[in-house]
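First comes the structure, then the notes that go with it.
Order of the sequence lines sets the chain letters (A, B, ...), proteins ahead of strands, with each chain counted from 1. From a predicted model like this one, the values you see are computed outputs, not experimental measurements.
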Amino acid sequence: MERETWQNHGAPSGTRHAGEWKMKVRTRFAPSPTGHVHIGNMRAAIYNWLFARHHGGEFLLRVEDTDRERSTPEAIRTLLEAMDWLGLGFDGEALYQSTRMEAHLAAAETLLEKGLAYKEDKGGTGQGECVVFRMPGKDVSFDDGIKGTLSKAAANMQDFVIVRSNGTPVFHLANVLDDIEQEVTHVIRGDDHVENTFRHIALYEALGAEVPKFAHLPMIVNAQGKPYSKRDGDAFVGDFREKGFLPEALFNYLALLGWSPGDDREVMAREELVEVFTLERCQSSPAQVDLRKLTWMNGEYMQKLPAVEFEAICFHALGKEGIDPEPEYAQRVFALVRDRVKTVADIAPMVGFFFSGDFSYDEKAVEKKLRKEGVRGILQQVKALFEALPAFDEADIDRTLHGFVEQAGLGFGAVMPPVRIAVSGQQSGPDLAPLLSVLGRRQVLERIDRTIGAYLQD
RNA sequence: GACCCCUUCGUCUAGUGGCCUAGGACUCCAGGUUUUCAUCCUGGCAACACGGGUUCGAACCCCGUAGGGGUCGCCA
């Protein structure tokens, strides 16, 4: 295990606290359920999870559902599903913040009694008095696990509301109190919370609680280098799932977005990530999502999938298209596209023609490769050769095609593409001979005929 | 505007004063895999934001400048 490099807030550097060595690391993910789980938040969850696992500690979930407007059961379900999908299991029971209101209010009462907070009618939107926390009037600084020492002068910090005039606790109070309740030792969250941290530290101290360690992750930005907005649309975990990304791949990619192991490893198993993950190796500048790299990484994971799992995914993908293929045939088809599929979403379009003659032709391919002089004759000759074949297996087809190319004095480029398009409508796909063999002679002949009829009549 | 923070190839990053004529990955380009597309392999293009210091020596330390971001709610 690595050396603990974090200092306790306010502790003289170099000292070791009694019992520190055996203090159990506890991190948490504390999202407010809004129905969409943003990848920025998900990455924070991943880092919390990784950090806890790395230290043999616990990873907790707290649902900050005090905003009754947005926190619907449906939204909570979406959140839980996203975590489950990514394999982010949490320890113990989830804590729902809405159940903690009494404790929050009681704490505010105590602060009031101690003179650490006061009541005030601030006017404006609210009606009546709210409870305001009194900042202690001293500079605050802390050692951020990622950003290093951060400090703020007393003059730049104002008192803030902890209980609304309608009697409900505000985020700062609830968040800090719940972290105390859950005995969170390390708060790893987004950059957008650094300003809050100064206030939170003051709250911890006023509450007489030990201040946890903080670490602030830089933001994730869109392809334009700007913060994600609703407009970008594609930054919710559910979107990535729909686009056909594997959870393990997304997990790996997100882990690498703002962190690196320090060597050249990139495709890393989860256990491997757990083993080497440290906050010290986190980047302190924003990271931009690159869908192409994610896609590449996803392809790596697709290829590593055990055959049965890959097949299950394929069956599922086809099922969603309303295709319920005969298993044995389907397995032979899937094997053909095994190492060319990058995402789950690639599957159905790539193999659809195997299961239905009612496929569409790629217009560009038709124009470029099919509607050309001599193609009709080539297809007819190839068809005749196929008809005459004793068996329609891969080796025979391959031999036939090669023989024909040679005998006709043509290039492969003049023969293979037209045949491929004739039977699949596409200009790319699995190797041609195995493709034809799996498709079967009857279909191949039929499709060649049909293609000639549709596109190559004089 | 105030306060905090950030700045290495297009992107993710390695790099903590000499090993850096800056390494890897994605993308892109070229060639190869007995001449289809893709995969795969090999090679290539491509960066220390700028200006000053400090030092024998700076991507690495200091100071400025520029650009970018976060926060400034009785939201979370």
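- The phosphate of B:C74 (OP1 or OP2) has no side-chain N or O of A:Ser165 nearer than 4.0 angstrom.
- As a whole-Å value, the separation of A:Asp139 CG from B:C3 P is 14 Å.
- The aromatic ring centres of A:Tyr253 and A:Phe245 sit 6.0 Å or more apart.
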List every contact pair, protein side and nucleotides 21-27 of chain B side both N or O, where the distance is under 3.5 Å.
residue: B:G24; atom: N2; partner: A:Glu266; partner atom: OE2; Å: 3.4
residue: B:A25; atom: O4'; partner: A:Glu266; partner atom: OE1; Å: 3.2
residue: B:A25; atom: O2'; partner: A:Glu266; partner atom: OE1; Å: 2.4
residue: B:A25; atom: O2'; partner: A:Lys293; partner atom: NZ; Å: 3.3
residue: B:A25; atom: N3; partner: A:Lys293; partner atom: NZ; Å: 3.0
residue: B:C26; atom: O2'; partner: A:Lys293; partner atom: N; Å: 3.2
residue: B:U27; atom: O2'; partner: A:Arg292; partner atom: NH1; Å: 2.9

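- Taking the six-membered ring wherever Trp is involved, the centroid distance between the rings of A:Phe90 and A:Phe59 does not fall below 6.0 Å.
- Seen from the ring of A:Trp259, A:Arg43 does not count as a face-on cation partner, given the 6.0 Å and 45° thresholds.
- Taking atom P in both B:U16 and B:U54, one finds a spacing of 24 Å when rounded to whole Å.
- B:U7 and B:C62 have their P atoms separated by 12 Å, with the value rounded to a whole Å.
- Using atom P as the reference point in both B:U35 and B:G43, the two lie 24 Å apart (nearest Å).
- To the nearest angstrom, C1' of B:A38 lies 16 Å from CZ of A:Arg338.
- Side-chain N/O atoms of A:Lys226 include none lying less than 4.0 angstrom from OP1 or OP2 on B:G68.
- Following rounding to the nearest Å, A:Arg164 (CZ) and B:A76 (P) show an atom-to-atom distance of 4 Å.
- The base of B:C4 has none of its N or O atoms less than 3.5 Å from a complementary donor or acceptor on the side chain of A:Asn156.
- Ring-plane geometry between A:Phe51 and A:His186 is classed as tilted, the angle between the planes lying from 30 to 60 degrees on a 0 to 90 degree scale.
- Of the residues near RNA chain B, A:Arg281 and A:Ala433, the one whose nearest nucleotide (by heavy atom distance) lies more toward the 5' end is A:Arg281.
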For a quick test of your reading: what N or O donor-acceptor pairs under 3.5 Å do the side chains of residues 407-423 of chain A make, sequence neighbours left out?
residue: A:Arg420; atom: NH1; partner: A:Pro430; partner atom: O; Å: 3.0
residue: A:Arg420; atom: NH2; partner: A:Pro430; partner atom: O; Å: 2.9

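- Applying the 4.0 Å criterion to OP1 and OP2 of B:C3, one finds that A:Gln158 has every side-chain N and O outside that range.
- Partners of A:Tyr204 according to the ring pair (Phe, Tyr, Trp, His ring centres under 6.0 Å) rule, which considers only residues two or more places apart in sequence or in another chain, do not exist here.
- A salt bridge links A:Asp179 with A:Arg62: the closest approach of a Lys/Arg side-chain nitrogen to an acidic carboxylate oxygen falls below 4.0 angstrom.
- Contact check, A:Thr66 against B:A76: a side-chain N or O comes under 4.0 Å of OP1 or OP2.
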